[in-house]
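Proteins get letters first, then strands, A, B, ... in listed order; numbering begins at 1 in each.
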Amino acid sequence: MKGIVFTVLNELVENQFGMDVWDSLLNRTGHDGAYTTAASYPDAEAMSLVAGLSAHTGLPVNDLVRVFGRYLFGAFERQYPVFFQLPQTAKEFLKSVDEIIHVEVRKLYPDAVLPVFEYEDPAENRLVMLYRSTRQLCPLAEGLLEGAAAHFQTSIQYEQTKCTHRGDDHCRFELLLGGEHDNN
Amino acid sequence: MTTTDRPGTSQNTDVLHRAIERERKARRIAEQLLEDRSRELFLATEEIQAQYASLQQTQGQLIHSEKMASVGQLAAGVAHEINNPIGFVTSNVQTLTDYVEVYHTLLKDYAALVRAHESGDAAQQAELKQRITRLETDEDISYITEDTCELLHESYEGLQRVREIVQNLKSFVHLDKTSQQLANVNDGIEATLKVVWNELKYKCDVRKQLGDLPMIPCFVGELNQVFLNLLVNAAQAMEQHGVITITTGVELDQIAVRISDTGKGISREHLSQLFNPFFTTKPVGQGTGLGLSVSYGIIQKHGGTIDVDSTVGEGTTFTVRLPIRGTEPRREAALPAATTACPAG
């Protein structure tokens with residue numbers, strides 16, 4: 001998993017729960033915690049940190065992952081402003097993830113393991129996103145969608161009609177986008 | 001105050017926090033720089049790859065144009081070789097047509113004589129006999145009969161020569177051989193000599209010292225192109241009548257082919273550029289400057305080497321060495337870089 005996931009998790013925990021919580025999380029999980037965005041770390045390392053945080057806070061893992069997704073969107077926005085500078089709607093942005101953003105990510109990190117998104121576009125205010133990832137992190141996708149809604153100052157209601165956790169071969173998010181304001 | 005604070009003033013904690021923040025900021029800047037550089041590197045690599053692809057395409061076109069130039073040169077030689085027999089066969093056929101005309105007239109008179117003989121017309125017989133004798137004398141029928149045999153024989157020889165030229169050309173080019181074949185390099189040299197003979201025969205004597213060679217896996221047509229190139233260059237290097245010596249033999253695990261001429265030789269400064277693409281000392285329009293660089297590529301593709309040894313005023317020897325056990329052919333035979341010195345230069 002890319003280092004940015006770890007640096008942003010570090011930031012989130014320290015800001016929301018305090019430096020001592022992050023420190024004891026590292027102590028308990030046995031990770032050294034010296035993360036940089038330039039490197040990659042094992043997926044299991046992120047999972048054990050989130051599990052530790054869940055144990056510490058009593059919050060369910062999926063809720064934490066969703067909150068983290070929302071927070072991660074903000075971090076992307078700060079770190080990669082170039083993807084947010086174009087005048088575009090939330091829908092246009094979401095559709096650019098697979099074909100533009102992930103293509104750019106691969107230029108910098110050819111070894112990155114990225115989720116694959118496919119799209120269906122049934123109506124102007126609707127979008128269907130098919131999410132495929134070996135990591136099965138659909139709560140993270142949910143958090144990122146919420147982050148996008150906040151950024152574009154719009155509402156994104158979604159229904160997950162398929163999920164790999166329920167035996168489907170992909171996750172299907174049916175989105176209803178509404179009340180968006182131009183982000184120009 | 002968090003639980004990790006050590007005893008001390010809150011001022012100390014603030015200082016520590018600010019220090020941590022500075023470190024984090026420095027890390028983010030460093031990471032950002034790293035990503036920027038990675039992106040630049042990616043774009044630069046992309047550009048280099050595009051340029052490399054376009055260079056490869058240009059190189060392919062150049063090699064093709066050199067091949068076409070060789071084909072043009074060959075075609076001119078072959079046209080001359082074929083023209084000569086075609087010329088005399090055509091003239092023979094014209095003469096034979098005249099002879100057939102004479103035979104036709106004679107046959108008609110003979111038939112009339114037979115009819116006069118059967119009808120017992122003595123006067124008619126006498127007139128026809130006189131006419132036949134006059135015609136045989138005037139046209140010199142014994143010469144025509146003799147010459148007809150000669151002309152037919154000569155025409156047959158001429159057509160055989162044309163057939164041989166076409167066969168030689170086919171065995172030289174090996175058009176149908178796009179993969180490696182087991183072949184004897186001596187046969188390739190013989191085939192090439194036949195094709196290039198027209199270029200050589202008035203300029204030099206050719207001495208062959210062809211040793212016993214094992215068969216080696218090779219692209220026969222491409223090797224022949226190298227020999228053609230070396231032989232034509234050798235002939236062109238000799239301003240007066242000279243000698244080309246072709247020697248072949250086995251040296252260790254290689255086959256060595258030496259083509260020597262008694263020409264004007266190559267100066268030291270030219271030697272180092274000899275295999276460079278576009279290098280030529282020939283006047284504009286007469287040499288592409290690609291012959292030797294393409295030859296170099298072909299020999300490299302065979303896992304061999306091509307060396308040159310030259311003394312100004314005495315002559316030049318090119319030595320081609322090919323591994324006996326062959327080599328996995330490389331897909332692209334690269335032109336030597338412009339800065340590469342020739343191996344023996």
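Dense packing is recorded around CD of B/Glu269, with more than 12 heavy atoms of other residues, nucleotides or ligands lying under 6.0 Å away. Heavy atoms from other residues, nucleotides or ligands lying under 6.0 Å from CD of B/Glu40 number more than 12.
Here A/Leu108 is the residue among A/Leu108, A/Ile4, A/Val21, A/Thr36 with the most heavy-atom pairs under 4.5 Å with chain B. With chain A as the partner, the residue from B/Arg39, B/Gln32, B/Glu35 showing the most heavy-atom pairs under 4.5 Å is B/Glu35.
Within the 4.5 angstrom heavy-atom criterion, atoms from both the backbone and the side chain of A/Gln79 approach chain B. Interface residue A/Tyr80: only side-chain heavy atoms are found under 4.5 Å from chain B. Heavy atoms closer than 4.5 Å to chain A are found in the side chain of B/Arg28, but not in its backbone.
A distance of 11.0 Å separates CZ of B/Phe42 from CZ of A/Arg106, quoted to the nearest 0.5 Å.
Counting only heavy atoms from C-beta outward, the side chains of A/Glu14 and B/Ile20 never approach each other to under 4.5 Å.
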